[in-house]
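Working notes, beginning with the structure itself.
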Amino acid sequence: MDTTALRRYLLINPNTNALTTQRLSDVLQPQLPPGVLLDVQTARFGAPYIACEASHAVAAHACLDVWTEHRGKPGNALAGVLIGCFGDPGLFALREVSGCPVTGLAEASFIQASTHGPFAIVTGGERWKTMLQRLAISLGYGAKLRHIETVAPTGAALQADPDMAIRCLSQACQNAAQSGAASIILGGAGLAGYARLLQAHCALPLIDSAQAGWEVLHGQLAPKAPTDHDGFYAPWVGLPAAFTQVPDKVNPGI
């Protein structure tokens, strides 16, 4: 197959857990239209599952690392980048340096959910609540975020036990529905595909963050790239060679 003729998107799983990458791929690959390639990559370093501020910060670096290695090939530059984590580590940095649109599972879900009105979030891991509140505010969706329902198991634990996940998430969705939200985001790469399974247990529309990520990116609903070419503003010391091979943003010919 001549991949240079395909419209290529990059999906980065900032978690180092390959099973999460596989889940994202299994859910999204069947949705690709003809002529589109989704290049799915896993972070080379960091945490198996991002669930705290420190792991989120490292994941942002890991996303940039993957992007520098896979950002473009001769005749087949990227059409878009999707951060496969409901927390969007590295979103603002990748958007600054990329010549194509970039979004994450959280931002894309906010974009979709806001069309219904105020929304709630159901996700795994108690430390995510404050982090997601801050992200929603920074992206301009703070006023529409009505409630965050976190469940005790992390997304990794929910992914590992589907029966437990259905029971736990079903109750969480019912709790979130009492907040006055018009829709509920089921957030987390490890929870990709669960919204369809849980919809019968909830009266409100459930938004699958992975599906929202792809639909928003491919549907050109994500914020536009600031420029049409890749590039860093900063010089680098001690980073892999791929970082130094990215052009200078101010002087792209350098």
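Keep in mind that what you see is a predicted model, and the values were worked out from it rather than measured.
Side-chain atoms of Arg23 come within 3.5 Å of backbone N or O of Gly190 as a donor-acceptor pair. Here the side chain of Gln171 pairs no donor or acceptor atom with the backbone of Arg167 at under 3.5 angstrom. The backbone N or O of Glu96 lies less than 3.5 Å from a partner atom in the side chain of Lys249, making a donor-acceptor pair. A donor-acceptor pair under 3.5 Å is formed between the side chain of Asp208 and the backbone N or O of Gly193. Between the side chain of Thr42 and the main chain of Thr21, no donor-acceptor pair closer than 3.5 Å is present. Between the side chain of Ser114 and the backbone N or O of Phe110 there is at least one donor-acceptor pair closer than 3.5 Å.
You'll find the ring centres of His147 and Phe119 outside the 6.0 Å limit.
Residues Asn13 and Cys85 fail the side-chain proximity criterion, which asks for heavy atoms closer than 4.5 Å. No side-chain heavy atom of Arg71 sits under 4.5 Å from any side-chain heavy atom of Leu10. For the pair Leu11/Leu24, a side-chain contact is recorded, criterion being any heavy-atom separation below 4.5 Å from C-beta on. With a 4.5 Å cut-off on side-chain heavy atoms, Pro89 and His61 do not count as touching. Leu217 has its side chain within reach of Tyr9: a pair of non-hydrogen atoms, C-beta onward, lies under 4.5 Å apart. Residues Pro240 and Thr68 fail the side-chain proximity criterion, which asks for heavy atoms closer than 4.5 Å. Within the 4.5 Å cutoff, the side chain of Asn15 has no heavy atoms near those of the Pro48 side chain. With contacts defined as side-chain heavy-atom distances shorter than 4.5 Å, the pair Val81/Pro101 does not qualify.
Atom-to-atom distance recorded for Gln199:CD and Ile184:CD1 is 8.5 Å, nearest 0.5 angstrom. Separation of atoms CG (Asp230) and CG (Leu78) is listed at 7.5 Å; rounding is to 0.5 Å. The CD1 atom of Ile185 sits 7.5 Å away from the CG atom of Leu145 when rounded to the nearest 0.5 Å. In this structure, CG in Leu186 is found 9.0 Å from OG in Ser109, a value given to the nearest 0.5 Å. Note that OG of Ser179 and CG of Leu204 are 8.0 Å apart. Values are rounded to the nearest 0.5 Å. Interatomic distance, Cys168 SG to Asp163 CG, rounded to the nearest 0.5 Å: 12.5 Å.
Following chains of ILVMFWY side-chain contacts shorter than 4.5 Å, one cannot reach Leu191 starting from Leu19, and the two form parts of different hydrophobic clusters. Hydrophobic clustering of Ile, Leu, Val, Met, Phe, Trp and Tyr side chains at less than 4.5 Å, counting indirect connections, unites Val246 with Val66. Transitive grouping of hydrophobic side chains (ILVMFWY, heavy atoms separated by less than 4.5 Å) keeps Ile137 and Phe92 in distinct clusters. Residues Ile148 and Leu139 are members of one and the same hydrophobic cluster, defined by side-chain heavy-atom contacts under 4.5 angstrom among Ile, Leu, Val, Met, Phe, Trp and Tyr. Note on Val58: it does not cluster hydrophobically with Leu91, by side-chain heavy-atom contacts below 4.5 Å among ILVMFWY residues.
When each of Asp88, Leu135, Val102 is checked for a side-chain contact (heavy atoms from CB on, under 4.5 Å) with Glu107, only Asp88 meets the rule.
Nearest approach of Ala225 to Ser98, heavy atoms of both residues: CB-O, 3.7 Å. Scanning both residues, Ser209 and Phe86, for their nearest heavy atoms gives CB-CD1, 3.6 Å. Contact between Ser25 and Pro30 at its shortest, heavy atoms only, is O-CD, 4.0 Å. Contact between Ala222 and Ile111 at its shortest, heavy atoms only, is CA-CD1, 4.5 Å. Closest heavy-atom contact between Ala210 and Leu28: O-CD2, 3.5 Å. Here the closest non-hydrogen pair linking Lys144 and Gly117 is CD-O, 4.1 Å.
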Pair Leu82-Leu105, side chain to side chain contact (heavy atoms under 4.5 Å, CB included): steps then yes or no: CA-CA 7 Å; Leu82 178 59; Leu105 302 193; 4.0 Å; yes

Side chain to side chain contact (heavy atoms under 4.5 Å, CB included) assessment of Phe232 paired with Thr244: CA-CA 9 Å; Phe232 283 124; Thr244 63; over 6 Å; no

Quick one, His56 with Cys52, criterion side chain to side chain contact (heavy atoms under 4.5 Å, CB included). Give me CA distance, side-chain angles, the key distance, then yes/no. CA-CA 6 Å; His56 188 271; Cys52 62; over 6 Å; no

Using the side chain to side chain contact (heavy atoms under 4.5 Å, CB included) rule, take Leu64 and Phe243 through it: C-alpha gap first, then chi angles, then the decisive distance, then the call. CA-CA 9 Å; Leu64 286 168; Phe243 276 79; 4.2 Å; yes

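Here Ala47 pairs with Ser55 under the side-chain contact (heavy atoms from CB on, under 4.5 Å) rule; sequence neighbours left out.
Contact check on Arg44 versus Asp65 returns a salt bridge, with a Lys/Arg side-chain nitrogen under 4.0 Å from an Asp/Glu carboxylate oxygen.
Using the six-membered ring where Trp is involved, His218 and Trp214 have ring planes that are parallel, under 30° apart on the 30 and 60° scheme.
Counting only residues at least two apart or on different chains, the side chain to side chain donor-acceptor pair (under 3.5 Å) pairs with a member in residues 117-141 are Glu53-Arg134.
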